[in-house]
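Sequential numbering from 1 along the given sequence is applied to the chain's residues. In this text the structure is predicted, and so the values were computed from the model without any measurement.
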Amino acid sequence: MTYVKICGLSQPEHVAAAREAGAHFIGLVFAEQSPRRVTVEQARRLAALVPRAAEPPLVALPLPAGHTSALWFERCAAATESLIERRRPLLVGVFADQPASLVNSIADAVGLDFVQLSGHERWEDCLLIRRPVIKTERVAFGDMAVEVLARVEAGTASLVLLDTAVAGRLGGTGQRFDWGVGRRVAEALPILLAGGLTPANVGEAIRQVRPWGVDVSSGVETDGVKDPEKIRAFVAAVREGDASAGGAP
């Protein structure tokens with residue numbers, strides 16, 4: 001099964017649509033430069049629409065000696081899958097180049113399950129966050145899979161999200177990178193695939209890349225606003241992609 005993250009939600013009806021469609025992650029953007037940014041109070045109201053459980057958040061620990069990058073991320077993915085089985089969707093707060101103290105404060109105030117770092121943070125900065133981290137790694141034109149893999153640091157983030165590198169933008173661009181590179185990275189590590197995904201192409205992305213999960217924001221919008229019909233169509237297309245790809249990667 002391919003896991004689904006719907007990102008950049010800001011309205012109750014959009015959260016409801018994502019939840020009812022079967023999304024595994026709901027992304028709330030706190031990055032200051034994003035047009036999809038929500039305040040803490042908005043986020044708290046949206047979080048109230050998602051079933052919560054009285055359990056402490058997962059916390060990533062430094063990589064034990066002798067563990068490979070692949071094993072680290074595989075075990076983190078397995079732990080995330082176990083949490084999803086107990087309750088879904090999980091809340092992800094998206095940040096970019098903000099102090100760790102602020103990130104942790106917002107995560108506590110909203111009750112986030114994960115933090116996504118989508119700015120220019122270093123991999124070791126993930127260890128300053130009191131939640132498991134999804135670390136964005138941007139893929140530029142001409143990047144090779146071996147170069148992307150060399151930039152990923154095990155023992156820091158729990159999950160890796162690959163997005164398209166666009167000058168001056170930190171995400172939500174609607175542009176895709178070379179899926180051949182994504183496929184080769186996904187063969188080595190479980191990844192979340194982002195960048196230019198839509199209901200029309202996500203099935204093909206799953207067949208070509210075989211990612212652990214997919215992430216969408218602008219691809220489920222109409223005129224810059226989240227579209228419940230596109231959210232539902234995206235999740236349905238993921239399920240169809242899974243079926244045609246023969247199941248989980």
Side-chain angles (χ1 to χ4, degrees), residues 3-12 14-15 18-19 23-63 72-73 75-137 153-161 163 170-172 192 194 212-213 215-217:
Y3 293 89
V4 179
K5 176 171 171 279
I6 309 293
C7 199
L9 300 176
S10 61
Q11 299 300 321
H14 303 151
V15 171
R19 177 185 168 190
H24 303 94
F25 301 91
I26 285 176
L28 307 178
V29 178
F30 299 94
E32 295 175 355
Q33 55 272 69
S34 173
R36 302 174 180 88
R37 182 188 183 191
V38 294
T39 66
V40 171
E41 286 308 311
Q42 285 176 302
R44 286 168 64 94
R45 289 193 291 270
L46 296 173
L49 304 174
V50 179
R52 315 306 294 151
E55 59 180 281
L58 293 173
V59 177
L61 299 175
L63 182 68
W72 168 264
F73 288 110
R75 289 184 172 177
C76 288
T80 303
E81 292 166 13
S82 178
L83 182 58
I84 289 171
E85 288 177 3
R86 299 199 299 275
R87 57 183 173 89
R88 61 191 277 192
L90 303 180
L91 286 176
V92 181
V94 182
F95 300 84
D97 302 319
Q98 291 154 281
S101 58
L102 176 63
V103 173
N104 287 324
S105 176
I106 292 175
D108 289 341
V110 178
L112 299 176
D113 297 298
F114 278 78
V115 160
Q116 179 176 322
L117 297 182
S118 290
H120 302 91
E121 297 89 354
R122 301 166 301 173
W123 283 85
E124 59 262 37
D125 293 336
C126 299
L127 298 174
L128 302 176
I129 306 302
R130 296 197 300 265
R131 294 292 194 283
V133 174
I134 300 170
K135 178 72 169 68
T136 299
E137 181 62 42
E153 296 184 18
T156 55
S158 295
L159 298 171
V160 179
L161 184 147
D163 200 355
L170 295 178
L192 280 158
W212 178 84
D215 180 290
V216 67
S217 183

> Q98 side chain to A96 main-chain N or O, any donor-acceptor pair under 3.5 Å?
yes

> Can you tell me how far the CG atom of D113 sits from the CD1 atom of I26, to the nearest 0.5 Å?
10.0 Å

> Please test E41 against T39 for side-chain hydrogen bond (donor to acceptor under 3.5 Å, both in side chains), starting from the C-alpha separation and ending with a verdict.
CA-CA 5 Å; E41 286 308 311; T39 66; over 6 Å; no

> Hey, is the main chain of S101 close enough, under 3.5 Å, to the side chain of N104 for a donor-acceptor pair?
no

> Check whether any side-chain N or O of R44 sits under 3.5 Å from a backbone N or O of A109 as a donor-acceptor pair, and report yes or no.
yes

> Identify the two heavy atoms, one from V38 and one from A43, that lie closest to each other, and give their separation to 0.1 Å.
CG2-CB, 4.1 Å

> Could you tell me whether a side-chain N or O of S34 sits under 3.5 Å from a main-chain N or O of A31, the two making a donor and an acceptor?
no

> Determine, for D108 against R130, whether the closest basic-nitrogen to carboxylate-oxygen distance falls under 4.0 angstrom.
yes

> How long is the straight-line distance from CD of E121 back to NZ of K135, given to the nearest 0.5 Å?
6.0 Å

> Keeping W72 on the side-chain end and A157 on the backbone end, is there a donor-acceptor pair under 3.5 Å?
yes

> What are the two closest heavy atoms between V133 and F114, and how far apart are they?
N-CD2, 4.5 Å

> When rounded to the nearest 0.5 angstrom, what distance separates SG in C7 from CD in Q116?
5.5 Å

> Hey, could you give me the CG/CG distance between L46 and L9, rounded to the nearest 0.5 Å?
8.0 Å

> On a heavy-atom basis, which atom in D163 and which in A194 lie closest, and how many Å separate them?
OD1-C, 3.7 Å

> For A77 versus W212, what's the shortest heavy-atom pair and its separation?
CB-NE1, 3.7 Å

> Assign the ring pair H24 / Y3 to parallel, tilted or perpendicular, where the plane angle (0 to 90°) is split at 30° and 60°.
perpendicular

> Mind checking the CG-CD spacing from L127 to E153? Nearest 0.5 Å is all I need.
9.5 Å

> Taking side-chain contact (heavy atoms from CB on, under 4.5 Å) as the criterion, tell me which of R87, E85, E81 meets it with L83.
R87

> Counting distance only, does the side-chain N/O of R36 pair as donor-acceptor with the main-chain N or O of S217 below 3.5 Å?
no

> Can a donor-acceptor pair be found, under 3.5 Å and without considering hydrogens, that links the side chain of T80 to the backbone of C76?
yes

> I need the F30 CZ to L102 CG distance, nearest 0.5 Å.
9.5 Å

